[in-house]
Amino acid sequence: MPNTQDNLHAAFAGESQANRKYLAFAKKAEEENQPAIAKVFRAAAEGETVHATNHLRTLGGIKNTTDNLASAIAGETYEVETMYPEFLAEAQKEDEKGAQISFGNAMKVEGIHQKMFQKALDKLSAGEEILEVEYYICPVCGYPAVAHAPEKCPICNTPGDKFYKI
Ligand code: FE2
Ligand code: FE2
Ligand code: FE2
């Protein structure tokens, strides 16, 4: 029987998924020229973010930035060293081409996330100044380019003019 800690973990995962799913559905509704329905999805998505954040906070999963960076590094390391290599191997065994691309692209970007977080943690620990930079994100694989979009995504070859600034 799962205890409350288990349930908080499950609820955090479920609410986080609902948030991203509803945002994807909202985008689709906009593409289908249904702005009112898109708004319904976006309103619900915002509520799911509130729920997810409440569950994570209740779990004690939001700490100071040094600890949060360490948590992020651990998560990215697990994904890049264990989870995605296993998922990719299974997708290759099953000849699931779409999953191979989806897992493969994500794995490469997680490696970059891991290094970004590690660099930030090293600088924070050393008391060095951390300069704020602009990021341009590949809409296909999530690759984060620094300062400006590249001509083509180095991971998935998407043209740079499709990147969006965050
Ligand atoms: Fe919810
Ligand atoms: Fe990541
Ligand atoms: Fe990309």
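Remember, it's 1-based here, ligands and their atoms both numbered in the order they're listed. Remember, predicted model here, so these are calculated numbers, not experimental data.
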Protein N, O or S atoms under 2.8 Å from the Fe ion (ligand 3): 4
Which N, O or S atom of Glu15 lies nearest to the Fe ion (ligand 1), by name: OE1
Thr58 side-chain N/O to Asn54 backbone N/O, donor-acceptor pair under 3.5 Å: yes
SG on Cys153 to CZ on Phe163, rounded to 0.5 Å: 4.0 Å
Name of the His51 atom (N/O/S only) found closest to the Fe ion (ligand 1): ND1
Asp161 atom CG, over 12 foreign heavy atoms within 6.0 Å: yes
Residue pair Arg42 / Tyr22, side-chain heavy-atom distance below 4.5 Å: no
Considering only N, O or S atoms of Glu110, the one closest to the Fe ion (ligand 2): OE1
Atom of Glu48 closest to the Fe ion (ligand 1), considering N, O or S atoms: OE1
Gap between atom CE of Met116 and atom CD of Gln114 - 0.5 Å precision: 12.0 Å
Point-to-point distance, once rounded to the nearest 0.5 Å, from CZ of Phe12 to CG of Asn7: 15.0 Å
Closest approach to the Fe ion (ligand 2) by His113, given as the N, O or S atom name: ND1
Pair Lys27 + Glu30, salt bridge at N-O below 4.0 Å: no
The Fe ion (ligand 2) to nearest N/O/S of Glu76 less than 2.8 Å: yes
Neighbour count above 12 (heavy atom, 6.0 Å) for Glu151 CD: no
Donor-acceptor pair, side chain of Ser102 and main chain of Gly98, under 3.5 angstrom: no
